[in-house]
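Structure record follows, encoded as structure tokens.
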2 protein chains.
Amino acid sequence: MEKPRLSESQEDYLKEIFKLREVNETVSMQDLARKLDVRPPSVTGMIKKLCAMKLVEHEPYKGVQLTETGEKIALEVLRHHRLLELYLARHLNYSWDEIHEEAERLEHVISEKFEAAIADLLDHPTHDPHGDPIPTVELEIPDSPDMKPLSAIKVYQTIIIGRVMTQDKDILSLLSRLELIPGQQIELIRNEAAGIRVRVDGSQYLVPQTIARLIWCESPDT
Amino acid sequence: MEKPRLSESQEDYLKEIFKLREVNETVSMQDLARKLDVRPPSVTGMIKKLCAMKLVEHEPYKGVQLTETGEKIALEVLRHHRLLELYLARHLNYSWDEIHEEAERLEHVISEKFEAAIADLLDHPTHDPHGDPIPTVELEIPDSPDMKPLSAIKVYQTIIIGRVMTQDKDILSLLSRLELIPGQQIELIRNEAAGIRVRVDGSQYLVPQTIARLIWCESPDT
DNA sequence: AAGATGAATTAGTTATGCCTAATTTTCGTT
DNA sequence: AACGAAAATTAGGCATAACTAATTCATCTT
């Protein structure tokens with residue numbers, strides 16, 4: 001199958017469809033419009049084009065889905081993005097909340113060679129600094145530990161943060177300051193109406209429910 | 001003065017005007033069209049826009065010049081490009097003839113932060129792997145040693161290559177294979193009609209005049 | 001079963017940045 | 001001083017990817 005050259009826009013559409021599909025059963029035009037920060041008619045238009053290119057399938061008024069080829073491209077972009085995030089953090093001293101924005105621009109521009117070079121340098125990592133899995137060179141998604149949202153953990157215990165499910169800069173910056181980042185061990189204290197009370201590194205915080213839903217943790221049992 | 005956000009195209013125009021200005025007294029629309037690989041009417045159109053933005057000055061049917069602001073931007077792009085070239089070569093194992101192409105795309109996309117990070121890592125270098133000076137953070141052009149083209153050196157002696165004045169991938173690849181790269185010591189043997197005969201690293205080559213004009217050397221005397 | 005509502009689509013516009021074809025300007029020659 | 005060639009410009013178009021406004025469709029409520 002020929003590999004068509006896509007615009008950055010088109011790559012972003014495919015990437016977002018993929019990411020939304022991981023969460024929702026079906027991907028609506030509205031969801032895409034929100035994520036891509038464009039108006040719905042723009043989405044309809046672009047989806048039509050991607051459809052013509054056989055990168056997505058679209059039943060009007062229903063939803064969108066990636067074709068095999070479309071998914072391949074989405075995974076490539078995702079691999080670029082996540083490798084870059086780790087690279088920026090590890091080798092260029094970027095802080096945890098700064099990496100997303102820079103990777104977002106670089107992901108469309110780096111060559112296969114660049115990808116391979118940083119993958120090598122990073123020793124072919126499986127997860128990025130936010131805990132997101134990095135697709136392999138063969139574009140398989142590596143396994144992640146079993147996780148559930150902090151907001152859904154009932155048993156009070158010591159657990160490890162595995163993944164933070166947001167790209168919002170302000171939230172990331174906050175979580176970074178509180179050390180609520182993947183790899184961090186935290187202690188669940190109490191589930192209050194307003195949020196989850198946790199101990200991190202000796203300090204206690206009340207994590208609001210909205211934010212607790214974004215923090216996924218490895219739960220050793222139940 | 002406000003820093004306007006420019007398109008990649010616009011940055012490329014400013015960069016090329018600057019580079020042409022270093023060589024020619026005056027920059028023609030044709031020169032630009034050739035370098036940027038577009039047709040002359042496109043150049044006229046874009047120059048008009050850059051003129052309106054006060055980034056260039058243009059007397060129709062005469063030539064183009066950068067304004068102060070335009071030159072600043074050109075130097076920023078050039079700094080990005082040349083830092084990136086050195087970075088790719090030093091840290092990501094790119095070969096000498098591969099760096100230009102990748103830097104060409106990345107230069108428009110990296111942030112100030114990225115620039116600062118690699119400049120730090122490279123210990124604030126003054127010249128890139130092709131011997132081109134890297135503008136400083138303050139956008140001053142660092143001094144280079146006195147040089148003249150290999151084709152213009154009369155006295156037969158041992159000299160050091162300082163700069164290679166081409167971005168042509170094929171020529172770069174050839175020169176790379178022959179080790180005719182900045183820093184290399186070479187011995188002038190004879191000036192023949194067809195070219196300059198030199199000894200490099202024990203091997204003898206005949207460097208055609210066209211190529212000898214691209215290789216600038218530090219000449220200790222005369 | 002008929003609206004009402006919200007999602008999706010169509011129609012038509014805009015801004016970039018390129019193109020070709022036609023025209024104008026400049027300048028070196030005679 | 002006039003001509004011809006080369007360079008530059010204008011005029012008019014095309015593709016991309018956004019947008020707004022208007023319309024159509026699907027579904028939920030009563």
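By convention in this document, chain letters (A, B, ...) are assigned in the order of the sequence lines, proteins followed by strands, and residues within each chain are numbered from 1. All values below come from the heavy atoms of this structure, side chains included, with hydrogens, waters and symmetry mates left out.
- Screening residues 62-93 of chain B for ring-ring contact (aromatic ring centres under 6.0 Å, His included) gives B:H81-B:H100, B:Y87-B:H91 as the qualifying pairs, with residues at least two apart or on separate chains.
- Looking at which nucleotide of DNA chain D each of A:Y61 and B:P60 is closest to, the 5′-most match is held by B:P60.
- Side-chain N/O atoms of A:T44 include one lying less than 4.0 angstrom from OP1 or OP2 on C:dT9.
- With 3.5 Å as the limit, one finds a donor-acceptor pair spanning the side chains of A:Q167 and A:K19.
- Summarising the geometry, the separation between NE2 on B:H108 and C1' on C:dG17 is reported as 14 Å, rounded to the nearest angstrom.
- Each salt bridge (charged side-chain N to carboxylate O under 4.0 Å, His left out) pair with one or both residues in residues 61-74 of chain B, not counting sequence neighbours, would appear here, but there are none.
- What separates CZ of B:R39 from C1' of C:dC19 is a distance of 9 Å, to the nearest Å.
- OP1 or OP2 of C:dA8 has not a single side-chain nitrogen or oxygen of A:H58 nearer than 4.0 Å.
- Pairs of residues two or more places apart, or lying in two chains, never qualify as salt bridge (charged side-chain N to carboxylate O under 4.0 Å, His left out) while including a residue from residues 41-54 of chain B.
- Tested against A:H130, the residues A:E85, A:R82, A:R163 include a single side-chain contact (heavy atoms from CB on, under 4.5 Å) partner, A:E85.
- A pairwise comparison of heavy atoms in B:S151 and B:N191 identifies O-ND2, 4.4 Å as the closest pair.
- Under the side-chain contact (heavy atoms from CB on, under 4.5 Å) criterion, B:A33 pairs with B:P40, B:V43, sequence neighbours left out.
- Evaluation of the ring pair (Phe, Tyr, Trp, His ring centres under 6.0 Å) rule for B:H127 yields no partner, not counting sequence neighbours.
- With sequence neighbours excluded, the residues satisfying side-chain hydrogen bond (donor to acceptor under 3.5 Å, both in side chains) with A:N24 are A:D31.
- Think of the region where chain A sits on DNA chain D: with heavy atoms and a 4.0 Å cut, that region ends 5' and 3' at D:dT16 to D:dA26.
- Side-chain N/O atoms of B:K62 include none lying less than 4.0 angstrom from OP1 or OP2 on C:dT26.
- Comparing the start and finish of the helix from C:dA1-D:dT30 to C:dT30-D:dA1, five pairs each, the helix axis swings through 10°, to the nearest 10 degrees.
- Residue contacts shown for A:S9 are limited to sugar-phosphate atoms, with no base heavy atom under 4.0 Å away.
- Screening residues 91-109 of chain A for salt bridge (charged side-chain N to carboxylate O under 4.0 Å, His left out) gives A:K15-A:E104, A:K15-A:E107, A:E98-B:K113, A:E101-A:K169, A:E102-A:R105 as the qualifying pairs, with residues at least two apart or on separate chains.
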Sequence-aligned protein contact record of nucleotides 11-16 of chain C, with B where the base is within under 4.0 Å of a protein heavy atom and S where only the sugar-phosphate is
-----S
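- Ion pairing between A:E192 and A:R197 holds under the 4.0 Å rule for side-chain N and carboxylate O.
- Looking at residues two or more places apart in sequence or on another chain, you find a side-chain contact (heavy atoms from CB on, under 4.5 Å) between B:P41 and B:R39.
- Closest approach of A:P182 and A:G162 over heavy atoms only: CB-O, 3.8 Å.
- Near DNA chain C, defined here as any heavy-atom distance below 4.0 Å, the residues from residues 12-33 of chain A are A:S28, A:M29, A:Q30, listed numerically.
- B:L36 places its CG atom 8 Å from the P atom of C:dC18, with the value rounded to the nearest Å.
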